[in-house]
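See below for the structure under consideration.
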Number of protein chains: 2
Amino acid sequence: MNIGAAAKQAELPTKTIRYYEEIGLIRPAARGANGYRDYSNEDLHILRFVQRARGLGFGVRDCRELLSLYRDRNRASADVKALAEQRIAAVERKIEELQSLRETLCHLVERCTGDDRPECPILSDLAAESQ
Amino acid sequence: MNIGAAAKQAELPTKTIRYYEEIGLIRPAARGANGYRDYSNEDLHILRFVQRARGLGFGVRDCRELLSLYRDRNRASADVKALAEQRIAAVERKIEELQSLRETLCHLVERCTGDDRPECPILSDLAAESQ
DNA sequence: CTTGACCTTCCGGCGACTGGAAGCCTCATA
DNA sequence: TATGAGGCTTCCAGTCGCCGGAAGGTCAAG
């Protein structure tokens with residue numbers, strides 16, 4: 001299976017697949033007589049695996065870990081769970097950060113009349129001497 | 001005032017200040033006889049302004065807009081408000097995305113026993129044929 | 001006069017791709 | 001058999017918002 005077809009199956013751009021190969025996230029694909037990459041069903045599993053892991057917000061480094069656990073028949077599921085829990089914690093931190101940002105922005109927006117006059121508490125606050 | 005002192009006042013790394021100058025976000029600082037950048041109080045306001053806008057999640061492009069509004073005495077506060085509201089919308093979209101991510105991850109984690117056995121629904125789901 | 005903390009510029013790298021150029025390969029159609 | 005479209009290959013550059021480091025000039029204190 002050529003890279004284009006594999007890309008469709010895995011819902012990944014061909015560019016991204018080649019990139020993953022380049023950085024060693026996935027193993028180099030087999031090559032046909034014409035030099036084209038040739039993907040097996042096993043390869044497709046791996047590609048989909050990575051696509052989904054990335055979709056869940058795991059970084060490429062995490063994906064390496066996950067893939068090596070995936071391939072390790074002697075893995076402990078606890079290790080996988082730990083990675084996922086770290087991910088959850090990071091997501092939760094990010095959510096809180098964004099919620100606090102949202103709060104601040106909303107307060108600023110509420111105080112701005114939003115008309116054709118130049119006075120604007122948003123700009124004033126940004127430019128203020130302190131805080 | 002040298003760049004180091006300005007950096008402390010504005011709570012920005014010196015590298016970042018030079019970078020902002022390089023990309024034309026802020027105007028080139030005046031130079032002393034020794035070639036050192038020299039920052040005025042007005043410059044400090046601008047630096048703090050940018051620091052806070054970035055802290056609120058505005059991109060550099062938005063900061064350009066905000067700075068040009070800040071300098072424009074004929075601005076309409078509506079324009080500033082619109083920028084802030086766009087930012088809020090973007091933040092809210094991101095929050096929802098992350099919350100949905102969190103949900104998915106939590107479901108996966110709940111189903112994983114997290115012991116020393118290799119069976120793991122997280123890995124199974126990532127590798128699954130579809131969905 | 002030396003030391004160490006500044007300052008200057010320039011270059012390269014980060015993460016995770018994405019776009020584009022230049023050049024093969026393949027396949028369907030005229 | 002020629003042609004054209006599309007797919008494949010590699011490599012280089014750019015994205016965003018910086019950060020680290022090297023090589024060298026400047027300055028204030030001891």
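Residue numbers start from 1 in every chain, and the chains themselves are labelled A, B, ... in the order their sequence lines are given, proteins ahead of strands. Note that the coordinates shown come from a computational prediction; the quantities given were computed from them, not determined experimentally.
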query = Whole-Å distance between D:dG7 P and A:Asp38 CG?
reply = 18 Å
Nearest-0.5 Å distance, CD of residue A:Glu92 to CG of residue B:Leu105 = 9.5 Å
message = Can you tell me if A:Arg37 touches the phosphate of D:dC8, counting only side-chain N or O atoms and a distance under 4.0 Å to OP1 or OP2?
response = no
query = Under 4.0 Å between a side-chain N/O of A:Asn34 and OP1 or OP2 of C:dC24, yes or no?
reply = no
query = Less than 4.0 Å between a side-chain N and a carboxylate O, is that true for B:Glu21 and B:Arg37?
reply = yes
inquiry  = Rounded at 0.5 Å granularity, tell me how far NZ in A:Lys81 sits from CD1 in A:Ile88.
reply    = 9.5 Å
ask   = Should B:Tyr70 and B:Val80 count as side-chain neighbours, where that means a heavy-atom distance under 4.5 Å?
value = no
query = Thinking salt bridges, do A:Glu129 and B:Arg48 make one under a 4.0 Å N-O criterion?
reply = yes
query = Can you tell me how far P of C:dC7 sits from OH of B:Tyr36, to the nearest Å?
reply = 7 Å
ask   = If the sugar-phosphate is the primed atoms plus P, OP1 and OP2 and the base is the rest, what is the B/S/- string for nucleotides 11-16 of chain C, using protein heavy atoms under 4.0 Å?
value = ----SB
query = Whole-Å distance between C:dT9 C1' and B:Ile17 CD1?
reply = 17 Å
query = Which of residues 82-104 of chain A have a heavy atom under 4.0 Å from DNA chain C?
reply = none
key: Spacing between B:Glu22 atom CD and C:dC10 atom C1', to the nearest angstrom   = 10 Å
key: Between C1' of D:dC27 and CG of B:Asn2, the distance in whole Å   = 10 Å
remark   = By nearest-heavy-atom nucleotide on DNA chain D, the more 5' of A:Ala5 and B:Thr16 is A:Ala5
inquiry  = Would you say B:Arg31 places a side-chain N or O within less than 4.0 Å of OP1 or OP2 belonging to C:dT9?
reply    = yes
ask   = What is the nucleic acid contact for A:Ile3, judged by heavy atoms within less than 4.0 Å: base, sugar-phosphate only, or nothing?
value = sugar-phosphate
key: salt_bridge(B:Glu96, B:Arg93) N-O dist < 4.0 Å   = no
task = Rounded to the nearest 0.5 Å, what's the gap from CZ on B:Arg54 to CG on A:Leu126? Could you check?
result = 12.5 Å
message = Between B:Asp125 and B:Arg111, does any side-chain N to carboxylate O distance fall below 4.0 Å?
response = yes
query = Considering only D:dT10, D:dC19, C:dT8, which nucleotide approaches the side chain of B:Pro13 most closely?
reply = D:dC19
message = Would you compute the distance between atom CD of B:Gln51 and atom CD of B:Gln9 and round it to the nearest 0.5 angstrom?
response = 12.0 Å
